[in-house]
Amino acid sequence: MSTVALTKDNFDEVVSGNGFVLIDFWASWCGPCRQFGPVFEAASERHPDLVFAKVDTEEQQELAAAFEIRSIPTLMIVRDNVAVFAQPGALPEAALEDVIGQARKLDMDEVRKSVAEAQAQA
């Protein structure tokens, strides 16, 4: 499966319409982003049940700002409309597979409960 280009216009539709979305925040001038791109694309082929999306931070500056992206590439995983992972840096293939596996195993009821408790305390 190929990756989806995320924009401020389609972001809500793509993320809300899918239970598991991996988002690569990148830019064409970024060397580590170009290095991570093929790893991300290959993972999308291995996991056709997941949505792999890319945000070009140059073209989608508002979207990058909304997520406070300060370093690229940044990988974010959103499950059931909850960001469960966000980390800057180009991951090697094995690390990306490990992160995907860990995100698949999350008990989303527990995650939502933790989020609700954190918001109640804030």
Side-chain angles (χ1 to χ4, degrees):
M1 175 178 205
S2 62
T3 57
V4 176
L6 278 186
T7 67
K8 65 180 183 174
D9 297 327
N10 72 355
F11 185 88
D12 288 338
E13 176 187 338
V14 171
V15 173
S16 297
N18 295 283
F20 197 123
V21 184
L22 292 93
I23 305 169
D24 175 20
F25 290 87
W26 70 286
S28 60
W29 52 263
C30 165
C33 297
R34 290 194 307 270
Q35 187 178 24
F36 180 61
V39 173
F40 190 75
E41 195 70 40
S44 76
E45 298 294 331
R46 285 190 301 275
H47 301 278
D49 58 319
L50 307 180
V51 174
F52 286 74
K54 295 178 80 72
V55 174
D56 183 332
T57 57
E58 289 294 305
E59 293 178 7
Q60 300 299 318
Q61 292 181 15
E62 288 178 51
L63 205 48
F67 286 96
E68 299 179 356
I69 301 301
R70 304 271 183 259
S71 180
I72 53 175
T74 290
L75 176 67
M76 180 177 288
I77 298 177
V78 179
R79 277 199 57 197
D80 301 340
N81 293 316
V82 177
V84 297
F85 179 85
Q87 178 179 310
L91 295 175
E93 184 177 319
L96 178 58
E97 289 298 319
D98 183 50
V99 168
I100 292 170
Q102 289 181 48
R104 282 186 187 274
K105 292 176 188 173
L106 287 174
D107 179 338
M108 290 309 294
D109 290 332
E110 285 297 317
V111 170
R112 281 188 284 279
K113 182 180 171 186
S114 295
V115 169
E117 288 171 0
Q119 289 174 341
Q121 292 176 356

Nearest 0.5 Å, what's the [atom1]-[atom2] distance between [X] and [Y]?
X   : Y    : atom1 : atom2 : result
R46 : L96  : CZ    : CG    : 7.0 Å
W26 : D56  : CH2   : CG    : 4.5 Å
Q35 : C30  : CD    : SG    : 9.5 Å
E45 : F40  : CD    : CZ    : 12.0 Å
L6  : M76  : CG    : CE    : 11.0 Å
L75 : I100 : CG    : CD1   : 8.0 Å

Is there a side-chain contact (heavy atoms from CB on, under 4.5 Å) between I77 and Q102 once you walk through the steps? CA-CA 11 Å; I77 298 177; Q102 289 181 48; over 6 Å; no
Kindly write out the residues that satisfy side chain to side chain contact (heavy atoms under 4.5 Å, CB included) with D80, not counting sequence neighbours, or none if the list is empty. M108, R112
Pairs flagged by ring-ring contact (aromatic ring centres under 6.0 Å, His included) wherever [range] is involved - sequence neighbours left out:
range            : result
residues 57-80   : F11-F67, F25-F67
residues 102-122 : none
residues 93-122  : none

Whether over 12 other heavy atoms sit under 6.0 Å from E117 CD: yes
Specify the closest pair of heavy atoms between [X] and [Y], including all atoms of both residues, with the distance to one decimal.
X   : Y    : answer
A90 : P32  : CB-O, 3.7 Å
A64 : T57  : CB-CG2, 3.9 Å
R79 : L106 : NH1-O, 3.2 Å

Any side-chain heavy atom of [X] within less than 4.5 Å of one from [Y]?
X   : Y   : answer
W29 : I72 : yes
I69 : Q60 : no
V4  : F52 : no
I23 : V55 : yes

Any donor-acceptor pair under 3.5 Å from D24 side chain to C33 backbone: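 The answer is no, because no donor-acceptor pair under 3.5 Å joins these two groups.
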Give a yes or no answer on whether the side chain of Q61 reaches the backbone of E58 with a donor-acceptor pair at less than 3.5 Å.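 Between the backbone of E58 and the side chain of Q61 there is a qualifying donor-acceptor contact (under 3.5 Å).
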Looking at V111, V99, V115, which one forms a side chain to side chain contact (heavy atoms under 4.5 Å, CB included) with V84?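 So, applying the side chain to side chain contact (heavy atoms under 4.5 Å, CB included) to V84 and each of V111, V99, V115, only V111 qualifies.
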Do any side-chain atoms of residues 12-22 form donor-acceptor pairs under 3.5 angstrom with protein atoms, and if so which ones, sequence neighbours left out?
from: S16; atom 1: OG; to: D12; atom 2: O; distance (Å): 3.0
from: N18; atom 1: ND2; to: V14; atom 2: O; distance (Å): 2.6

For E59, check salt bridge (Lys or Arg N to Asp or Glu O under 4.0 Å) against everything at least two apart and list the hits.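 E59 satisfies salt bridge (Lys or Arg N to Asp or Glu O under 4.0 Å) with no other residue.
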